[in-house]
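Working notes, beginning with the structure itself.
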2 protein chains.
Amino acid sequence: MSKVLVSMDQLSTTLSALADPTRRAIIARLAAGEATVNELAAPFDMSLPAVSKHLKVLERAGLISRGRNAQWRPCRLEARPMKEIADWIEPYRRFWDGSFDRLESYLQEIQGKESDQG
Amino acid sequence: MSKVLVSMDQLSTTLSALADPTRRAIIARLAAGEATVNELAAPFDMSLPAVSKHLKVLERAGLISRGRNAQWRPCRLEARPMKEIADWIEPYRRFWDGSFDRLESYLQEIQGKESDQG
DNA sequence: AGGTTAATTAACTGATGAGTAAAGTGCTGG
DNA sequence: CCAGCACTTTACTCATCAGTTAATTAACCT
């Protein structure tokens with residue numbers, strides 16, 4: 001009864017790539033401009049292969065791309081997958097800002113009272 | 001040489017909770033209003049305990065809260081953790097929209113040329 | 001009390017993820 | 001040509017995750 005995961009959808013891949021503080025830190029660093037693997041690895045208390053793996057995850061998610069320059073592999077940010085997250089999350093905005101918030105909590109109070117009595 | 005993960009930061013927890021299509025579908029359903037566990041489970045081809053586990057993940061991430069109404073445990077959306085994602089992602093917006101995009105690629109081209117020659 | 005429904009917990013399995021050390025690849029420069 | 005630098009790949013460990021079935025808790029209803 002093998003359940004094999006065939007392929008992850010783009011949004012899941014992007015979110016899980018970003019659900020790691022090391023990888024988010026790498027992304028943040030790359031927002032300031034290209035960097036090599038060693039440069040990216042420097043701030044972290046982990047081996048180079050570990051960082052290399054993180055970069056591979058980011059690359060597979062399309063969040064970075066890598067060039068080649070002699071023995072260096074400069075990484076650059078590709079923010080488009082993040083746009084997908086922003087687009088996905090946008091419709092939920094109404095749940096946390098604007099007057100809807102107050103309406104929500106009002107409805108919650110009402111509902112709570114009704115449950116207490118019913 | 002045990003490396004124990006003490007506790008995940010909020011953003012990582014939220015992102016990893018949302019990096020699963022089942023959980024995102026649950027969230028989407030809850031955007032339409034409260035629902036019980038059985039109602040939430042109905043659309044999925046998986047056991048009730050599996051859904052229950054997904055709900056626990058969402059609850060631990062603060063993305064849902066659960067009330068009690070007789071034998072039902074109605075779930076409701078709590079979108080605030082999503083706001084954290086939106087806030088985190090906001091500064092990257094400049095990387096995918098507006099004229100900055102063109103400026104970026106221009107700068108990257110320049111940089112590439114310079115590297116080739118240096 | 002006892003049966004039914006709603007949901008969670010427990011115990012287990014197989015897959016994936018994050019890290020390591022050590023070996024391999026590919027390029028540069030004396 | 002070969003020493004060394006910049007990485008990547010491999011092979012391994014250990015923890016966590018997603019799912020299962022079976023058992024348990026909790027509330028309702030007659």
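In what follows, chains are A, B, ... by sequence order, proteins preceding strands, each numbered from 1.
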Out of [options], whichever nucleotide has its closest atom nearest the side chain of [X]:
X     : options                : value
B/R66 : D/dT9, D/dT20, C/dT8   : C/dT8
B/D20 : D/dA18, C/dA18, C/dT20 : D/dA18
B/V37 : C/dG19, C/dT8, D/dT8   : C/dT8
A/K53 : D/dT21, C/dT20, D/dT8  : C/dT20

Problem - Closest contact, heavy atoms only, A/A17 versus A/A61 - result: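 For A/A17 versus A/A61, the nearest heavy atoms are CB-CB, 3.9 Å.
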
Exercise for the section: Decide, yes or no, whether a salt bridge links B/D20 with B/R24 under the criterion of side-chain N to carboxylate O below 4.0 Å. Expected result: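 Here B/D20 does not pair with B/R24 in a salt bridge, since their nearest N and O are not under 4.0 Å apart.
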
Problem - Short N-O contact, A/K56 and A/E59, less than 4.0 angstrom - result: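 Answer for the salt bridge query: no.
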
Problem - B/L55 or A/A19, whichever maps to the more 5' nucleotide of DNA chain C - result: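 It is B/L55 whose nearest nucleotide is closer to the 5' end.
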
Problem - 5' priority, DNA chain C, between A/L48 and B/K56 [closest heavy atom] - result: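 So the residue in question is B/K56.
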
Problem - Spacing of B/T13 atom OG1 and B/R60 atom CZ [to the nearest 0.5 Å] - result: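 Those atoms lie 8.0 Å apart.
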
Practice task
Would you give the length of the straight line joining atom CG of A/L77 to atom CG of A/L58, rounded to the nearest 0.5 angstrom?
Solution key: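 The CG atom of A/L58 is 9.5 Å from CG of A/L77, to the nearest 0.5 Å.
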
Just the atom pairs and distances: protein N or O near nucleotides 24-30 of chain C's N or O, under 3.5 Å.
none

Taking OP1 and OP2 of [N], is either one under 4.0 Å from a side-chain nitrogen or oxygen of [X]?
X     : N      : result
B/N38 : C/dT5  : no
B/S52 : C/dT8  : yes
B/H54 : D/dC17 : no

Practice task
Assign A/T36 to base, sugar-phosphate, or nothing according to its heavy-atom contacts below 4.0 angstrom with the strands shown.
Solution key: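 Sugar-phosphate, no base atom in range.
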
Problem - Pair listing, ring pair (Phe, Tyr, Trp, His ring centres under 6.0 Å) test, anchored in residues 67-90 of chain B, at least two apart - result: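 Listed by first then second residue: B/W88-B/Y92.
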
